[in-house]
Amino acid sequence: MPPRFDPSTRAMSQEPTQERASDRYNARAVEPRWQKIWKERGVFRTRNDDPRPKFYVLEMFPYPSGRIHIGHGRNYVMGDVLARYKRMAGFNVLHPMGWDAFGLPAENAAIERRVHPKEWTYENIATMREQLQLLGLSLDWDREIATCDPSYYVEQQRIFLDFLDNGLAYRKESEVNWDPVDNTVLANEQVIDGRGWRSGAVVERRKLSQWFFRITAFAQELLDAIDTLDRWPDKVRLMQRNWIGRSEGLEVLFEFARGEAPAGADAVKVYTTRPDTLYGASFLALSPDHPLTRDLAGKNQALAAFVAECKKGGTSAEEIETQEKLGFDTGLKVVHPLDDKRTVPVFVANFVLMDYGTGAIFGCPAHDQRDLDFARKYALPVVPVVLPPDTDAGAFAIGDVAYDGDGTLINSGFLDGMSVPDAKEAVARRLERFRVGGEPQGTRKVNFRLRDWGISRQRYWGCPIPVIHCESCGPVGVPRADLPVLLPEDVTFDRPGNPLDRAKAWREVACPKCGKPARRETDTMDTFVDSSWYFLRYASDNAQQPLDKAAVGHWLPVDQYIGGIEHAILHLLYSRFFTRALKACGRIDLEEPFAGLFTQGMIVHETYKDQDGKWLFPEEVKVLGTGKAVKIDDGTPVAVSPPEKMSKSKRNVVAPEAVADTYGVDCARWFMLSDTPPERDSEWTQGGIEGAWRFVQRIWRLVNEAIELGAPAAANRPDAFGEPALALRRAAHALAAQVADDVERLRFNVAVAHVYEFTNAFASAVAAARGAAPVPADLAYALREAAEIAVLVISPMTPHLAEECWATLGHEGLVAEAGWPRVDAALLRRDTVTLPIQINGKKRDDIVVPREATTAEVEEAVLQLESVRKALDGRAPKRIIVVPQRIVNVVA
RNA sequence: GCGGGCGUGGCGGAACUGGUAGACGCAGCGGACUCAAAAUCCGCCGUCCUCACGGAUAUGUCGGUUCGAGUCCGACCGCCCGCACCA
């Protein structure tokens with residue numbers, strides 16, 4: 001083990017004879033003691049019948065992947081600061097923790113290390129629970145849950161049956177990534193460059209019959225309610241709006257040209273949001289999955305081959321849309337809906353998604369980039385039909401870039417001269433009147449990009465879907481009395497595919513309806529289902545009633561939810577759907593689960609590689625500054641790369657235990673809150689943690705000095721305060737007010753800066769007191785008051801240090817149970833203000849005026865200023881702008 | 001491809017709703033204390049001109065609105081993130 005910087009041992013070795021015990025704060029000894037006391041006294045246990053106003057703080061629960069590194073700790077520490085602060089501010093705080101415990105990594109571990117997913121998961125939970133407890137988080141561990149526990153997922157199975165009964169769960173066919181070598185379904189992340197991550201085989205898209213939740217039934221509602229989420233980041237709200245993707249458009253029927261209609265189809269239905277560009281249509285494109293494509297491919301070998309080619313590669317939108325645009329000319333032609341003399345060719349194209357709209361589009365190359373790329377490739381006409389404003393029609397031509405802006409219609413028959421919105425309306429009106437086979441040729445249609453949520457996973461380690469398939473009765477819900485459907489434990493992972501398919505004894509059951517032999521559903525639920533209601537589970541302190549309507553009514557919505565931006569769409573949208581769906585089923589009375597949302601950034605760290613290109617742990621490296629570093633054991637040079645997300649594979653991780661041993665947990669907490677705004681990525685550095693260590697020591701020293709020099713605990717307040725006692729009191733009360741505001745707004749880095757600012761003032765006051773003998777009574781009082789306020793204020797951030805200081809100050813109770821310091825508003829008010837004086841917008845002077853000075857008084861005073869008189873040089877000012885209590889600008 | 005975000009000293013960043021740009025911390029430099037070092041304390045610290053007082057300039061680039069722009073608007077450049085089976 002390489003030597004590590006250890007400030008406490010370094011400090012211990014120096015002149016121990018001159019030190020008093022109080023000179024050094026020994027976090028390693030102090031922190032476990034307070035954690036034990038918190039635990040023994042049950043300080044953070046929450047009761048549902050507590051009469052104080054509620055506040056629910058929740059950080060997104062972790063996946064138990066093994067061990068946590070310090071990077072995982074940031075959002076828990078931020079949540080903890082808020083929870084501790086809110087407790088001090090008089091709230092009954094719910095701050096629970098649990099485990100998102102189902103999922104793919106456990107199965108990978110089972111395959112790679114021959115350990116059962118359950119065993120692997122629970123071992124990880126035990127390790128990570130201990131690590132989280134090390135951070136001193138004020139969590140109610142009595143409410144801990146794990147989603148893989150039958151006591152949790154039994155309720156999830158009941159919810160599934162509720163959804164089934166209410167038409168919110170159904171089966172349909174959908175595509176998956178299929179690995180033809182491993183014979184297994186792959187997650188998008190398991191598809192790398194179109195190949196399976198384990199087998200390397202080219203991935204195919206394949207259809208399977210799967211379970212879906214009808215989230216689209218709430219599409220409009222989910223969209224509308226985003227407006228009410230005013231304590232969510234705008235960014236997330238926008239991402240959700242775009243994800244739901246409401247569009248208003250027109251479904252248009254394109255009839256096949258005479259004599260060309262393939263069997264069973266007279267027309268193709270196309271969805272468009274740009275009916276105004278209809279005259280610019282130069283082709284029609286069908287999705288490779290369109291029913292018509294399938295019919296045609298049955299009779300056309302070349303088309304079948306093309307469709308097969310399209311099915312290669314993954315199912316993600318990213319892959320589909322970045323592929324080269326490919327088309328296959330079917331040879332068929334359709335008649336232009338607005339001009340029966342024109343026909344356009346029908347292609348099958350790989351970029352047309354079956355899941356959106358009708359699975360068929362018309363292409364207007366001039367005004368859609370994808371269509372333009374396609375048209376150029378297949379030499380189709382490009383006719384501009386929208387002329388940008390202030391453009392000459394003769395000079396306007398489309399090159400490589402489509403024009404999707406506003407303008408005036410051209411080359412468009414009866415639409416010529418109209419604006420885009422007018423043309424949209426005119427086309428809709430006309431096509432609504434036209435008939436094709438008795439149907440209107442055009443139908444206005446609101447479309448959503450949002451698709452129903454496919455929850456089937458062909459995997460073992462997930463919540464079993466409580467359904468039995470019967471030859472005669474079809475899919476039948478498992479009777480509630482028979483729940484939970486437990487995962488069978490005697491399964492093997494030595495072969496590819498879903499072990500549940502092979503668990504014969506478990507799979508083969510009698511049909512609950514007719515009693516005939518039937519088989520269990522072997523798909524399990526997407527783990528997003530597990531995380532769509534866990535925040536409701538915490539509200540109930542009763543394991544028998546995991547989803548308790550009254551408890552949910554009391555605690556929900558979550559007042560502050562904290563988690564990574566990577567969950568901005570799916571997890572949050574699914575959870576919003578779930579509360580609505582549960583309400584529709586009568587289970588709860590809640591629509592929006594999260595009133596406040598905060599998305600925190602990650603902790604990043606530099607990466608190090610030795611001369612052989614091997615990754616090195618930070619503790620193996622000595623950083624010399626100026627970007628250079630060497631290996632500690634042999635002094636060879638180390639390549640330093642910019643900070644990135646902590647990950648085991650790159651070894652740029654810091655273990656919480658190591659930080660706790662060397663500096664103490666409070667230093668880690670303080671550092672995680674310092675400097676960087678919480679929503680941004682923050683870099684973990686040696687310098688930073690050492691700065692935190694200096695701060696902790698400084699507070700300890702100052703508090704002890706203040707005790708020595710200050711008034712005793714119960715001293716009476718003097719009637720009058722002179723400077724500098726008044727200045728110190730002002731600083732202390734301002735600190736309490738500022739930090740309260742900073743924490744409420746989750747601006748932890750600013751709170752830290754305010755504490756530093758105060759600490760500097762406090763240190764000056766202590767130094768002044770040390771110089772005065774005896775210390776005047778007013779300053780003595782102010783010193784003690786300042787020390788107490790400081791300790792209370794830092795306690796949400798560095799709770800162990802605060803408890804130790806609080807006890808040293810002579811208090812019997814715990815800081816964890818103390819109230820936030822009462823701020824004396826009179827101390828924050830100033831009688832005079834300093835106004836900066838600008839001349840022509842540049843600052844030239846300052847002026848001190850009474851706080852209540854009128855504009856006229858300020859103007860008069862400003863004109864007397866030497867600097868202003870000089871600048872005006874006898875002339876009258878053109879203008880004087882006085883912003884009360886802010887600034888004065890003299891326009892000369 | 002589609003969607004979203006972010007650019008301020010050597011570094012992390014502060015600046016409430018358009019009102020003194022650079023708070024606070026890190027690093028650095030100088031000094032005190034010390035036999036010496038560490039720790040601690042004091043001072044300096046965007047750039048340029050000036051002995052100094054002070055002035056000019058400065059928030060990715062260019063332009064606009066305004067008495068006044070880091071903040072608002074437009075264009076551009078650069079970096080980052082998400083995209084439905086990772087959680």
Side-chain angles (χ1 to χ4, degrees), chain A residues 7 10-11 13-15 23-24 60-63 65 100 102-105 176-177 185-191 210 233-236 238-239 241-243 245 314-323 325 351 355 369-370 373 449-459 526-528 530-531 564-571 573-574 625-626 674-677 679-683 685 687-688 690-692 694-695 697-698 701 741 745 747 749-750 752-757 759-760 763 767 834-838 840-846 878-881 883 886-891:
Chain A
R10 185 171 63 181
S13 64
Q14 292 130 26
E15 301 190 44
D23 276 1
R24 183 148 297 99
M60 291 180 184
F61 66 167
Y63 179 78
S65 56
D100 191 9
F102 275 136
L104 211 43
V176 294
N177 297 309
V185 176
L186 298 177
N188 277 344
E189 71 155 10
Q190 296 173 323
V191 180
Q210 311 206 64
D234 287 342
K235 175 163 73 162
V236 175
L238 190 63
M239 283 165 90
R241 278 193 196 99
N242 290 336
W243 191 255
T315 59
S316 72
E318 187 186 4
E319 272 197 72
I320 291 169
E321 289 181 40
T322 51
Q323 284 168 353
K325 299 190 177 26
F351 64 91
D355 289 317
Q369 192 60 46
R370 281 184 305 190
D373 296 345
R449 208 182 73 99
L450 183 69
R451 309 199 299 255
D452 275 337
W453 173 14
I455 62 146
S456 284
R457 297 291 181 270
Q458 293 70 36
R459 313 201 183 285
D526 179 6
T527 55
F528 272 120
D530 310 339
S531 56
I565 186 71
E566 65 273 22
H567 294 291
I569 298 173
L570 293 184
H571 162 59
L573 194 62
Y574 290 154
T626 66
S674 303
D675 292 344
T676 308
E679 68 277 10
R680 261 192 239 175
D681 288 350
S682 158
E683 189 186 351
T685 61
E690 285 174 27
R694 279 197 295 272
F695 166 77
Q697 295 301 330
R698 192 170 189 220
R701 220 166 33 236
D741 186 54
R745 293 160 61 186
R747 292 154 44 91
N749 58 322
V750 183
V752 164
H754 280 136
V755 171
Y756 273 122
E757 213 169 356
T759 307
N760 292 338
T834 304
L835 294 181
I837 309 303
Q838 295 181 333
N840 293 331
K842 290 191 192 301
K843 196 212 160 195
R844 288 289 184 257
D845 212 339
D846 284 303
K878 284 201 190 108
R879 240 177 115 180
I880 300 181
I881 290 132
V883 184
R886 264 277 147 79
I887 201 165
V888 179
N889 190 10
V890 180
V891 185

Open item on the list: Regarding His754(A), tell me which of base, sugar-phosphate or nothing describes its non-hydrogen contacts under 4.0 Å with the strands shown.
Closed with: nothing
- [ ] Would you classify Ile881(A) as touching base, sugar-phosphate or nothing, given that sugar-phosphate means primed atoms plus P, OP1 and OP2, and contacts are heavy atoms under 4.0 Å?
- [x] base
TODO: Look at the side-chain N and O atoms of Arg449(A) and state whether any lies under 4.0 Å from the OP1 or OP2 oxygen of A84(B).
DONE: no
Task: Partners passing side chain to side chain donor-acceptor pair (under 3.5 Å) against Asp373(A) (at least two apart in sequence or in another chain) - done: Gln369(A)
Open item on the list: Once you apply a heavy-atom cut-off of 4.0 Å, does Lys842(A) come out as touching a base, just sugar-phosphate, or nothing?
Closed with: sugar-phosphate
Open item on the list: Classify Phe528(A) by what it touches in the nucleic acid, base, sugar-phosphate, or nothing, heavy-atom distance under 4.0 Å.
Closed with: base
TODO: Please work out if Ser674(A) contacts a base, only the sugar-phosphate, or nothing of the nucleic acid, heavy-atom cut-off 4.0 Å.
DONE: nothing
Open item on the list: Looking at every heavy atom in both Ala763(A) and Arg698(A), which two are closest together, and how far apart are they?
Closed with: CB-NH2, 3.5 Å
- [ ] Go through the structure and list residues passing side chain to side chain contact (heavy atoms under 4.5 Å, CB included) with Thr685(A), not counting sequence neighbours.
- [x] Phe671(A), Glu683(A)
Task: Nearest-nucleotide 5' precedence on RNA chain B, Gln458(A) against Met239(A) - done: Met239(A)
Task: Chi class for G30(B): syn within 90° of 0, otherwise anti - done: anti
TODO: Please work out if Lys843(A) contacts a base, only the sugar-phosphate, or nothing of the nucleic acid, heavy-atom cut-off 4.0 Å.
DONE: base
Open item on the list: On RNA chain B, does the nearest nucleotide to Pro836(A) precede the nearest nucleotide to Tyr574(A) from the 5' side, or the other way round? Give the residue.
Closed with: Pro836(A)
Open item on the list: Could you identify the nucleotide paired to C6(B), looking across every strand shown and requiring Watson-Crick or G-U wobble geometry with both distances under 3.5 Å?
Closed with: G78(B)
Task: Sugar-phosphate only, base, or nothing, as touched by Asn242(A) at under 4.0 Å among non-hydrogen atoms - done: sugar-phosphate
TODO: Could you tell me which nucleotide pairs with G1(B) by Watson-Crick or G-U wobble geometry, both distances under 3.5 Å, or answer none if nothing does?
DONE: C83(B)
Open item on the list: Over all strands shown, is Val883(A) touching base, sugar-phosphate only, or nothing at heavy-atom distances under 4.0 angstrom?
Closed with: base
Task: Whole-Å distance separating the CZ atom of Phe695(A) from the P atom of A39(B) - done: 19 Å
- [ ] Could you check whether Asn760(A) gets within reach of a base, just the sugar-phosphate, or nothing at all, counting any heavy atom under 4.0 Å?
- [x] sugar-phosphate
Open item on the list: Using a heavy-atom cut-off of 4.0 Å across all strands, would you classify Arg459(A) as base, sugar-phosphate, or nothing?
Closed with: base
Open item on the list: Test of understanding: with salt bridge (Lys or Arg N to Asp or Glu O under 4.0 Å), list the residues that count as partners of Lys235(A), not counting sequence neighbours.
Closed with: none
TODO: With sequence neighbours excluded, tell me which residues meet side chain to side chain donor-acceptor pair (under 3.5 Å) with Gln458(A).
DONE: Gln210(A), Asp523(A)
TODO: Mind calculating the distance between CG (Leu570(A)) and C1' (C85(B)) to the nearest angstrom?
DONE: 11 Å
Task: Rounded distance in Å - CZ (Arg747(A)) to P (C24(B)) - done: 16 Å
Open item on the list: I'd like to check the salt bridge (Lys or Arg N to Asp or Glu O under 4.0 Å) partners of Asp526(A); sequence neighbours left out, ordered by chain and number.
Closed with: Arg457(A)
Open item on the list: Please give the distance between the C1' atoms of U8(B) and G46(B) as a whole number of Å.
Closed with: 10 Å
Open item on the list: Within the 4.0 Å heavy-atom criterion, would you say Glu757(A) contacts the bases, only the backbone, or no part of the nucleic acid?
Closed with: sugar-phosphate
TODO: Let me know the distance between CD1 of Ile880(A) and C1' of G68(B), rounded to the nearest Å.
DONE: 15 Å
- [ ] For Arg879(A) and G68(B), give me the distance from atom CZ to atom P, rounded to whole Å.
- [x] 9 Å
Task: Asn889(A) (side chain) donor-acceptor with Gly841(A) (main chain) under 3.5 angstrom - done: yes
Task: Residues in side chain to side chain contact (heavy atoms under 4.5 Å, CB included) contact with Asn840(A), at least two apart in sequence or another chain - done: Val891(A), Ala892(A)
Task: Side chain of Arg844(A) (C-beta onward), nearest among G55(B), C24(B), A84(B) - done: G55(B)
TODO: Give Trp453(A) one of three labels, base, sugar-phosphate or nothing, depending on what nucleic acid heavy atoms sit under 4.0 Å from its own.
DONE: nothing
Open item on the list: Applying a 4.0 Å non-hydrogen cut-off, can you work out what Pro677(A) is touching in the nucleic acid: base, sugar-phosphate, or nothing?
Closed with: sugar-phosphate
TODO: Just jot down the side chain to side chain contact (heavy atoms under 4.5 Å, CB included) partners of Val883(A), sequence neighbours excluded, or say none.
DONE: Ile881(A), Arg886(A), Ile887(A)
Distances under 3.5 Å only, N/O to N/O: pair up the protein atoms with those of nucleotides 26-28 of chain B.
residue	atom	partner	partner atom	Å
C26(B)	OP1	Arg694(A)	NH2	3.0

TODO: State which of A23(B), A87(B), C41(B) makes the closest approach to the side chain of Arg698(A).
DONE: C41(B)
TODO: Using a 4.0 Å heavy-atom cut-off across all strands, classify Ser456(A) as base, sugar-phosphate, or nothing.
DONE: base
Show each protein N/O and nucleotides 47-49 of chain B N/O combination with a separation under 3.5 Å, one pair to a line.
none

